[in-house]
*Asks:* 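Sharing a structure, written as structure tokens. Questions coming.
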Amino acid sequence: MPILFLLGAKTGLLVQWTGWSHEGYNILHRHVGRVVCTAAVLHVFFYSLACPIEVMVHVTTIFVALLAAIGFFLILISSIAPLRAKTYELFLMLHVYGVVAILPLLYFHFERVRPYVIASAVIFLWDRINRFRNSHHVIAHTTILSGNTVKLSMNLNSTTREIHWKTGQYVYVSISSLAKQQAHPFTIASPPNPNTLDLIIRARKGFSKSLFLSEVPEHKVTFHGPYGSPPTFEGCDRVILLAGGAGISYAYPEAIALASSTGHYSAANPEVDFLWVVPSRDFSSWVDLKEDYNVDFKVWVTAEQGRPNIRKYVKDSIVAAGPGARVAVAVCGPAPLVRDSRNACAEMLWEGSNVVFYSENFGW
């Protein structure tokens, strides 16, 4: 349990001790969670073979364990990827409130587990306190975009606290007027600046759909963050940025930072190869693709050009960088885009190219 909570903390001790980002070890959190939940359910199942349910419900120390096992089972089922994608808000509620309920139940179940329960509770509370300390309250304006998408522009001048972030980082956003007690993660879609923090949000279900359909253009927003330890591309001769749809949230500010003479790469700016794959031409209005940024923003419209051959595009770009060049490939978008670009990098590595690969995932 303490390991599960340690791996699930977004601001906790692992982040402070190692500098790793939460998304980097989240896969370990999921695996440990499956082990914990499955072990708890099996424990109750096999115990019930020796002790009938009608007896278990009348013994307090056993009954609380039965309730905890039900909580573990619900969390386990809601964490299955297809269900999590369809009912993310239910998954979020079960994850947070289920854990809050399970810890005291386990505490009163068996005396020997209490040190582990207390350790888990301390990690959980530490993470929550850090989130509170890292929270900001701002005024935000919405702009309706094509493709059932909304841009949420947060006015950083509406708070007295300074907010700094790096390209590729994300924040957790909460708008209580639309969805109470919910915080949703979004990649920051604007390059670092002191005035505005933009998010590009595709309307799906729940919170995002409510925000898209809201007739109120101004909202009071609470967000905590930024989080994440995105890679830097120091020493790279070329950086290939690939985005699909809303993946532009990562690729766009990164491209500007890479090309900017005032950015953190200004000592030796690498060449930027930028490709954004969108279903229709009007998606290009989501961000400002002006030439002033010294980036060749290439937009591939699948409705007009068909699906691009990403594997060929990546391999050709790596070859074009020249013999011995160090190339980084960073991609954010749907699974096929990530898979094709990763496979292309693997093939080029096999052929002896100096390539590094990074993917920014949609899923949570």
Side-chain angles (χ1 to χ4, degrees), residues 166-168 187 189-192 230-281 283-362:
K166 300 177 183 177
T167 55
T187 301
S190 52
T232 61
F233 302 111
E234 298 285 355
C236 291
D237 300 295
R238 170 176 288 201
V239 178
I240 305 171
L241 294 172
L242 305 172
I248 192 66
S249 296
Y250 166 74
Y252 174 70
E254 188 66 70
I256 295 175
L258 286 166
S260 173
S261 59
T262 59
H264 52 282
Y265 297 102
S266 56
N269 296 82
E271 182 184 0
V272 177
D273 185 351
F274 181 99
L275 180 67
W276 183 20
V277 182
V278 295
S280 62
R281 179 69 60 180
F283 276 54
S284 60
S285 63
W286 287 7
V287 292
D288 185 6
L289 302 177
K290 60 185 179 182
E291 298 179 356
D292 297 357
Y293 294 127
N294 298 319
V295 177
D296 180 16
F297 293 109
K298 294 188 288 292
V299 179
W300 185 288
V301 182
T302 56
E304 303 171 4
Q305 301 166 276
R307 296 187 64 176
N309 188 336
I310 293 297
R311 183 176 296 195
K312 182 178 184 302
Y313 182 91
V314 171
K315 294 174 72 173
D316 289 347
S317 183
I318 293 173
V319 171
R326 179 172 174 79
V327 180
V329 178
V331 57
C332 183
L337 178 69
V338 176
R339 181 178 60 249
D340 290 347
S341 55
R342 178 185 286 114
N343 289 340
C345 290
E347 292 174 12
M348 295 306 292
L349 277 170
W350 186 257
E351 295 176 11
S353 297
N354 186 1
V355 183
V356 293
F357 177 82
Y358 171 74
S359 65
E360 176 82 2
N361 295 326
F362 278 167

*Asks:* List for me each residue that meets salt bridge (Lys or Arg N to Asp or Glu O under 4.0 Å) alongside E347, sequence neighbours excluded, and say none if there are none.
*Replies:*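 Checked E347 against salt bridge (Lys or Arg N to Asp or Glu O under 4.0 Å); matches are R311, K315.
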*Asks:* To the nearest 0.5 angstrom, please state how far the CG atom of L242 sits from the CZ atom of F274.
*Replies:*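 L242 CG to F274 CZ: 9.0 Å, rounded to 0.5 Å.
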*Asks:* Measure the CD1-OG1 distance between I256 and T167 for me, rounded to the nearest 0.5 Å.
*Replies:*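 Rounded to the nearest 0.5 Å, the CD1-OG1 separation comes to 10.0 Å.
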*Asks:* What pair of heavy atoms forms the shortest contact from A255 to V295, and how long is it?
*Replies:*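 In terms of heavy atoms, the two residues are closest at O-CG2, 3.6 Å.
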*Asks:* May I ask you to test the W276-L289 pair for a side-chain heavy-atom distance under 4.5 Å?
*Replies:*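 A side-chain contact under 4.5 Å exists here.
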*Asks:* Mind listing the closest non-hydrogen atom pair of P270 and C236 along with its distance?
*Replies:*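 Answer, listing the atom of P270 first, then C236: CB-O, 3.1 Å.
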*Asks:* Starting from the C-alpha separation in whole Å, work towards a yes-or-no answer on side chain to side chain donor-acceptor pair (under 3.5 Å) for D288 and Y252.
*Replies:* CA-CA 9 Å; D288 185 6; Y252 174 70; 5.1 Å; no
*Asks:* Can you check whether C345 reaches V314 side chain to side chain, under 4.5 Å on heavy atoms?
*Replies:*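 In short, these two side chains touch, coming nearer than 4.5 Å.
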*Asks:* Kindly indicate whether the side chain of P279, heavy atoms from C-beta on, has any atom under 4.5 Å from the side chain of V301.
*Replies:*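 No - every pair of side-chain heavy atoms lies 4.5 Å or more apart.
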*Asks:* How close do V355 and M348 get, counting heavy atoms only, and between which atoms?
*Replies:*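 Closest approach of V355 to M348, heavy atoms only: CG2-CB, 4.3 Å.
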*Asks:* Sequence neighbours left out, cut at 3.5 Å: what donor-acceptor pairs do the side chains of residues 326-336 make with other protein atoms?
*Replies:*
| from | atom 1 | to | atom 2 | distance (Å) |
| --- | --- | --- | --- | --- |
| R326 | NH1 | N354 | OD1 | 3.2 |

*Asks:* Apply side-chain contact (heavy atoms from CB on, under 4.5 Å) to A189 and list each qualifying residue two or more places apart in sequence or on a separate chain.
*Replies:*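 With neighbours one apart ignored, the set is I200, S249.
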*Asks:* Quick one, Y313 with D273, criterion side chain to side chain contact (heavy atoms under 4.5 Å, CB included). Give me CA distance, side-chain angles, the key distance, then yes/no.
*Replies:* CA-CA 10 Å; Y313 182 91; D273 185 351; 2.4 Å; yes
*Asks:* Determine whether F357 and S341 make a side-chain contact, defined as any pair of heavy atoms from C-beta on separated by less than 4.5 Å.
*Replies:*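 They are in side-chain contact.
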*Asks:* Looking at side-chain heavy atoms only, is the closest gap between S317 and R238 below 4.5 Å?
*Replies:*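 Yes, close enough: below the 4.5 Å cut-off.
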*Asks:* How many angstroms lie between atom CG of L337 and atom CD1 of I310, to the nearest 0.5 angstrom?
*Replies:*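 Rounded to the nearest 0.5 Å, the CG-CD1 separation comes to 5.0 Å.
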*Asks:* Does any part of the side chain of W300, heavy atoms only, come nearer than 4.5 Å to the side chain of V278, both counted from C-beta?
*Replies:*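 Side-chain contact under 4.5 Å: no.
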*Asks:* Within this structure, what is the CZ-CG distance for the pair R307 and D340, rounded to the nearest 0.5 Å?
*Replies:*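 It is 7.5 Å, given to the nearest 0.5 Å.
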*Asks:* Between atom OG of S280 and atom CD of E304, what is the distance when rounded to the nearest 0.5 Å?
*Replies:*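 Here the rounded value is 8.5 Å.
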*Asks:* Would you say NZ of K298 has more than 12 non-hydrogen atoms from neighbouring residues, nucleotides or ligands within 6.0 angstrom?
*Replies:*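 Enclosed: over 12 neighbouring heavy atoms sit under 6.0 Å from NZ of K298.
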*Asks:* Under 4.5 Å between any side-chain heavy atoms of L241 and E254, yes or no?
*Replies:*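 Of all side-chain heavy-atom pairs linking E254 with L241, at least one is under 4.5 Å.
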*Asks:* Give me the atom names and distance for the closest heavy-atom approach of P191 to P253.
*Replies:*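 That would be N-CB, 3.6 Å.
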